[in-house]
Amino acid sequence: MKTTNQLLKPVTAKIGENGNIEIGGCDLVELAQKYDTPLYVMDEATIRSICADYKKAFSGYQKVNMMFASKALCTMATSALLAQEGFGFDVVSSGEIYTVYKAGVDMNKVLFNGNNKSFEELTLAIDLGVGRISVDNFFELSLLNEIAKSKNKMVDILLRITPGIECHTHEYIQTGHLDSKFGFDLTQIDEAVELILNEYKNLKLHGLHAHIGSQIFETSIYGDEIEILVKEIARLDEKFSLKLDEVNVGGGLGVKYNDEDVPPSTYEIADKIISRLNSCIEKYGIEPPALFIEPGRSIISTAGVTLYTIGSSKQVPKGKTYFAVDGGMADNARPSMYQAKYSCEIVNKPSQELAKTVTIAGRFCESGDILIKDVLLPELEEGDIVCVYNTGAYNYSMASNYNRVQKSAMVLVNNSQSDIIVNRETLDDLISHDVIPGRLKRD
Ligand code: LLP
């Protein structure tokens, strides 16, 4: 059975009564007129649909905790929605901690990750009652213990380990291979455990955590990861009589950005994880641990689209035809950063004959700011609205103000209703942090 992450478009995408594309029952031309472009549009039904896919797929294991990886998209509204769906949160900064806290999330269901958490961030995490901290390195172990001790608190932790697995994805989003900046090498775990047991009396170790990469299509490597994690848990029990009862396998399930992408379903990944976990529990003779997963992209990507308006165009003599839109690498860095390939349609011409291969260029002052290369579209003209699919993950969260352009707005659509969930930045927002020293001021 297909699951939502295997779709190119949101589950509610269709051609509406007036011939335009609609999502969540909202005509996208009307949304572009009402909220202006570029506009991130998030479909609530698609988010709830993938959450249901995950919950169903993992229902075969008795103790499962789903933690949404906030780095994929962190807004108060989407955090509140995912909390309603029963998800906890993986966070990696004060900003993400503060956002989920302000959204009313149960902080006990929050896990703080990251390879260089600061004193201030760890302090905030403890003060706001973050449930688990995944400690990444020796420096952090000592720093965290010191902070916990000064507050006379016990802090619940996991150890982030590097399992030494190479997955086939873009090298910038591989994380589990041995020469990685994240986590304890397998050979460093014993020393970390000895420190926790003998010296760092304010830290309580609950389990092990790993994350092997992102946009993964290959389910078998999750089996390899589980084997390493469970084997380590059993080994630590034997060596230190330490009972660890939590195993966190990270995130990584891929999505479908274009016709060539064929990601596995949540069922395929859950089957691989659960069956290997069960067999490892037996093989290594441990008590069944609670399983934690941290999907980001697969939860939120398919639900999101970005709307742009076409402005200028350029026909290079004997070369490409470029159509420029009003956004680009500042609202979606992925094509220029990872050569990511997206798909699009023209919102006001979904049924028109595909007439010409064109390149959709961004508006930023950089030749590499190309959103989609060589895509077959209907005849285009200024004012047409382009809908780029699958932009829900790592678009807004990696957005910048390059060229001093305001960040785009985001709306949540559902049942023909649209609600703004992130306001468009204003020109005054852009200068709100600037300070002119007195000596430079003109009288
Ligand atoms: N857990 C940990 C510890 C992670 O580092 C990540 C992602 C996740 C979970 C969620 O992975 P996901 O399910 O989203 O694949 N900016 C890149 C992706 C970087 C992913 C970093 N870590 C991109 O746009 O492709």
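The figures here come from the full heavy-atom set of this structure, side chains too, leaving out hydrogens, waters and symmetry mates. Each ligand, and each atom within it, is numbered from 1 in the order the structure gives.
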Where's the contact between M398 and ligand 1, heavy-atom distance under 4.0 Å: side chain, backbone, both or neither?
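For M398, only side-chain atoms sit under 4.0 Å from ligand 1.
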
Tell me which part of F182 gets within contact of ligand 1: side chain, backbone, both or neither, using heavy atoms under 4.0 Å.
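The answer is neither.
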
Is [X] close to ligand 1, meaning an N/O of one under 3.5 Å from an N/O of the other?
X: G296; answer: yes
X: S298; answer: no
X: S214; answer: yes
X: N113; answer: no

Do Y389 and E345 get their side chains close enough for a donor-acceptor pair, meaning under 3.5 Å?
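The answer is yes; a qualifying pair exists.
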
Enumerate the residue pairs fulfilling salt bridge (Lys or Arg N to Asp or Glu O under 4.0 Å) with a member in residues 64-78, sequence neighbours excluded, ordered by first and then second residue.
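Found K71-D90.
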
Yes or no: does P295 have any heavy atom under 4.0 Å from an atom of ligand 1?
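For ligand 1, residue contact (heavy atoms, under 4.0 Å) with P295 is present.
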
Would you call R160 a ligand 1 contact, heavy-atom distance under 4.0 Å?
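Yes.
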
Would F184 and F138 satisfy ring pair (Phe, Tyr, Trp, His ring centres under 6.0 Å), going step by step from the backbone distance to the final call?
CA-CA 8 Å; F184 290 92; F138 289 108; 5.0 Å; yes

As an exercise, identify every atom of ligand 1 less than 4.0 angstrom from a heavy atom of [X].
X: G252; value: 11 (O), 12 (P), 13 (O), 15 (O)
X: A69; value: 8 (C), 9 (C), 10 (C)
X: D90; value: 1 (N), 2 (C), 9 (C)
X: R297; value: 12 (P), 13 (O), 14 (O), 18 (C), 23 (C), 25 (O)

Any Lys/Arg nitrogen of R132 or E246 sitting under 4.0 Å from an Asp/Glu carboxylate oxygen of the other?
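Counted as a salt bridge, because a side-chain N and a carboxylate O are separated by less than 4.0 Å.
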
Side chain to side chain donor-acceptor pair (under 3.5 Å) between R235 and Y284: does it pass, once the steps are laid out?
CA-CA 9 Å; R235 196 184 62 74; Y284 296 103; over 6 Å; no

Which atom pairs, one a donor and one an acceptor, fall under 3.5 Å between side chains of residues 99-109 and the rest of the protein, sequence neighbours left out?
residue : atom : partner : partner atom : Å
T99     : OG1  : G95     : O            : 2.6
D106    : OD1  : N108    : N            : 3.0
K109    : NZ   : G86     : O            : 3.2

Any non-hydrogen side-chain atom of L122 less than 4.5 Å from a side-chain atom of I133?
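Yes; the side chains approach each other to less than 4.5 Å.
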
When Y308 is tested against each of N332, D384, D331 for side chain to side chain donor-acceptor pair (under 3.5 Å), which residue passes?
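Result: among N332, D384, D331, D331 is the only option passing the side chain to side chain donor-acceptor pair (under 3.5 Å) with Y308.
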
